[in-house]
Amino acid sequence: MNIFNTLQEQLQAILGDLQDQKVLPGGLDLSAVAVEPPRDKSHGDVAINAALVLAKKARLNPRELAGKIAQKLRQDQAVKAVDIVGPGFINVTFFNSFWQARVNEILKAGKKYGGSKIGKGEKVNIEYVSANPTGPLHVGHVRGAVFGDALANLLEKVGYKVTREYYINDTGAQIDILARSVHFRYREALGENIGDIPEGLYPGDYLKPVGQVLAKKYGEKFKNAPEEKWLAPFRDVAVPAMMALIKEDLGLLGIHHQVFSSETKMHSAGEILEAIDFLKEKGVIYQGVLEPPKGRKPEDWEPREQTLFRATDFGDDVDRPLVKSDGSYTYFAADIAYHYDKFKRGYLHQIDVLGADHGGYVKRLQAAVKALSDGQADLDVRLCQMVRLLRGGQPVKMGKRSGQFVTLREVVDEVGPGVVRFIMLTRKNDAQLDFDFDKVKEQSRDNPVFYVQYAHARAHSAFRKAAEYFPEKGLEIKALTGADAALLEDPSEIDLIKAMASWPRVVEAAALAHEPHRIAFYLYDLASEFHSLWNKGNDDPGLRFVIEGNQALTLARLSLVRALALVIAEGLELLGVEPLKEMR
RNA sequence: GCGCCCGUAGCUCAGUUGGAUAGAGCAUCGGAUUUCUAAUCCGGAGGCCGCAGGUUCGAAUCCUGCCGGGCGCGCCA
């Protein structure tokens, strides 16, 4: 349960009563009324702004209105105090017993704790990675991959029906380059000395196996044949081979898409034509000439009449071309068809995760979705900024021309999947991120992954310790739910419970904002709260979790620790990180 | 020239979608270890939230204009 939502409902009922009693006018807009944790702990447990928000419309003094609301709030037995502070804030403080009851609630909810149904089972399509199938994934792809996957988890947690999708850009110039590169490897596999792979082609060794497959399949048939003979069949072998590589790479991070959509299919199945016809009927396609972009030297600019989508009607800056001068469709035309396809498959919520260099692409995509769905569907485009790879504070050099990227596999092999995933989510997606190999392997407070994992491991350490003293007593959740939570009296213990009580609210807010990094920050704060409590036990042995000879107190405290471990584990799993029970 | 993102402590960044006296970590200074794992904790110091206006009970957050940085700008994908 989300205590803030519960209180919000209570408050709405109170405001309804006040309206019935003509204290407040009817038909008030209550949407701005917020129930939230105050920043400052001295301001109680929950802050309510209702009086401030409503006073003007009700023509009342805010403090006076606050008094009327407060009076009703005080009738709740869990409420210890209701204070009216400053201009009219209502601060609610609960009895310890209210917080103590939360522990059992968390244990009973188990893995479901923090989940909700605000998604109402609605379908969401989240498209991420979508790297060109020309080679293995490199670091540049990792952030979007992790971000998209964590966001998918998060949306599922709050009750959306999520589809993880990958759009395969399996056509166009770079795929032809792939096929040509593979042709060299094919000749190599036939025993020819090919020397260096020419400039402009993909030089990577990962294409050698593809060459061998082709050699086995076609023998010498295409060895000296003209390109138009072999280009298509080589593409048909190379692309699936690259997709297999990519899926394998993603698997290293625990990422598995459910749907793979092909750009080629958009072209060949006439889906582009269908989408454009559909838009034509709506009158948003026309033949026209674009103005050259201002300010830049339009050296090779020639005015040209082309087929345009009236994107400016839907918030874009200029209308966008759909057909190239050679008569084929633009990438954008295929993308329109693809998003139309998603709409037809019933996705009214669509999310695209793209690199920040695609920022200029966002408006036209949203314009397209708006046009295609008559405004029924929404598209959120999340842009992931670059990751700077460092080693000991120094940038890792990557020869872009030689194709010597640091691969996803290399990164995962060196630091492990959990570390990669967590660190990628320690920044907002649109902020640049430093990834320092040395730092992320460090085992200190500097390193948020270890800090959080260590808290989880410490919790399990307490269970192990308890098992020494109370071997006969089950310490599993079932036994702990019978513990007497009233024994949890220390302010630090109550603080820890409060932190855990806000977990559902954090999950909900992170999901709605499409910001999984909030989970990482929350976990860090929660871990900090736990480490603090742990250390109190060092200073004052009476505050340790395991108290020899006092089984009741030990059980109560272990129930708290168990709840903590549950929340951290669930948070880590949302991020796709495996919680560790031991870190020695 | 236009559009999007960004500007918060010396450094790296949060800031609960408009709340109260702006918070963490690093670095710095001082303290806690016969430990349920000190891989941790407690405390001090550190701020014109880029600048200037505006909106209102209330602005780091919303609006406008500047300054500074990043990305992008017809037939690449």
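Protein chains get the first letters and strands the later ones, always in sequence-line order, with residue 1 at the start of each. Keep in mind the model is a prediction, meaning the values are calculated, not measured.
Rounded to whole angstrom, the span from the CG atom of A:Leu379 across to the P atom of B:rC4 amounts to 17 Å. Atom CZ in A:Arg388 sits roughly 13 Å away from atom P in B:rC71 (whole-Å rounding). A:Leu354 has its CG atom 19 Å from the P atom of B:rC76, to the nearest Å. Summarising the geometry, the separation between CG on A:Leu533 and P on B:rC42 is reported as 11 Å, rounded to the nearest angstrom. Between the OH atom of A:Tyr329 and the P atom of B:rA77 there is a distance of 15 Å, rounded to whole Å. If you take OH of A:Tyr361 and P of B:rC2, they are 25 Å apart, rounded to a whole angstrom. When the P atom of B:rG3 is taken as reference, atom CD of A:Glu291 falls 16 Å away, rounded to whole Å. In this entry the distance linking CG of A:Asn91 with C1' of B:rG19 reads 11 Å, nearest Å.
The distance from atom CG of A:Leu178 to atom CG of A:Asn132, rounded to the nearest 0.5 Å, is 10.0 Å.
Set against B:rC36, B:rA39, B:rA77, the side chain of A:Ala462 has B:rC36 as its closest nucleotide. In this structure, of B:rA77, B:rC5, B:rU16, it is B:rA77 that holds the atom nearest to the side chain of A:Glu263. Picking from B:rG74, B:rA14, B:rA77 the nucleotide with the shortest atom distance to the side chain of A:Pro321 gives B:rG74. Checking B:rC41, B:rG15, B:rC36 against the side-chain heavy atoms of A:Arg518 singles out B:rG15 as nearest. If you check B:rA20, B:rC41, B:rC75 against the side chain of A:Phe89, the one that comes closest is B:rA20. The side chain of A:Phe521 lies closest to B:rA14, out of B:rA14, B:rG15, B:rC57. Counting only heavy atoms from C-beta on, A:Lys324 has its side chain closest to B:rC75 among B:rG19, B:rG25, B:rC75. Among B:rA14, B:rA77, B:rC4, the nucleotide with an atom closest to any side-chain atom of A:Lys363 is B:rC4. Residue A:His517 has its side chain nearest to B:rG15 when only B:rC36, B:rU56, B:rG15 are considered.
Taking atom P in both B:rG47 and B:rG10, the straight-line distance is 7 Å, to the nearest Å.
Note on A:Ala47: a base of the nucleic acid sits closer than 4.0 angstrom, heavy atoms only. Counting any heavy atom pair closer than 4.0 Å across all strands shown, A:Val53 reaches a base atom. Residue contacts shown for A:Val506 are absent, as no nucleic acid heavy atom lies under 4.0 Å away. At the heavy-atom level, A:Thr171 lies under 4.0 Å from the strands shown only through sugar-phosphate atoms. Residue contacts for A:Ala513: at a heavy-atom cut-off of 4.0 Å it reaches a base atom on one of the strands shown. Residue contacts for A:Val546: at a heavy-atom cut-off of 4.0 Å it reaches a base atom on one of the strands shown. Base engagement by A:His358 is indicated by at least one non-hydrogen atom pair under 4.0 Å involving a base atom. Among the protein residues, A:Gly537 comes within range of the nucleic acid bases, having at least one heavy atom under 4.0 Å from a base atom. If you check every strand for non-hydrogen atoms under 4.0 Å, A:Pro37 touches a base. Among the heavy atoms of the strands, none lies under 4.0 Å from A:Pro62. Here A:Lys536 lies out of heavy-atom contact (under 4.0 Å) with every strand. A:Asn169 comes within 4.0 angstrom of sugar-phosphate atoms only, judged by non-hydrogen atoms across all strands, and of no base. A:Gln174 comes within 4.0 angstrom of the backbone, heavy atoms only, and of no base. Among the atoms of the strands shown, base atoms are found under 4.0 Å from some heavy atom of A:Ser325.
Pair check for B:rG19 finds B:rC57; Watson-Crick or G-U wobble, both atom distances under 3.5 Å. Partner assigned to B:rC51 is B:rG65, using Watson-Crick or G-U wobble distances below 3.5 angstrom. Using Watson-Crick or G-U wobble geometry with both donor-acceptor distances under 3.5 Å, B:rC4 finds its partner in B:rG70. The partner of B:rG10 is B:rC26, by the rule that a Watson-Crick or G-U pair needs both atom distances under 3.5 Å. Using Watson-Crick or G-U wobble geometry with both donor-acceptor distances under 3.5 Å, B:rC41 finds its partner in B:rG31.
In this structure, A:His349 and A:Leu379 have side chains that are not in contact, with every pair of non-hydrogen atoms separated by 4.5 Å or more.
For A:Arg427 against B:rC13, no side-chain N or O and base N or O form a donor-acceptor pair under 3.5 Å. Contact of A:Asn535 with B:rU40 (side chain to base): a donor-acceptor pair of N or O atoms is detected under 3.5 Å.
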Start with the C-alpha distance between A:His267 and A:Tyr329, add both sets of side-chain angles, then the distance that settles side chain to side chain contact (heavy atoms under 4.5 Å, CB included), and finish with yes or no.
CA-CA 8 Å; A:His267 289 270; A:Tyr329 292 112; 4.1 Å; yes

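Remark: A:Arg304 is not in phosphate contact with B:rC75, judged by side-chain N or O atoms under 4.0 Å from OP1 or OP2.
Along RNA chain B, the nucleotide nearest A:Arg544 and the nucleotide nearest A:Val289 are compared for position; the residue whose nucleotide lies closer to the 5' end is A:Arg544. Map A:Leu52 and A:His531 each onto its nearest nucleotide of RNA chain B; the residue landing nearer the 5' end is A:Leu52.
Here A:Asp436 does not pair with A:Arg391 in a salt bridge; the nearest charged N to carboxylate O distance is not below 4.0 Å. A salt bridge between A:Asp317 and A:Arg364 is absent, with no side-chain N of the basic residue lying under 4.0 Å from a carboxylate O of the acidic one.
None of A:Ile69, A:Ile90, A:Val92 except one satisfies the side-chain contact (heavy atoms from CB on, under 4.5 Å) rule with A:Leu11; the exception is A:Ile69.
Side chain of A:Arg557 to main chain of A:Arg544: a donor-acceptor pair is present (N/O by atom type, distance under 3.5 Å, no hydrogens or angles). The main-chain N or O of A:Leu580 is found under 3.5 Å from a side-chain atom of A:Gln453 such that the two form a donor-acceptor pair.
Inspection of the A:Asp352 and A:Tyr167 side chains reveals no N or O donor paired with an N or O acceptor under 3.5 Å.
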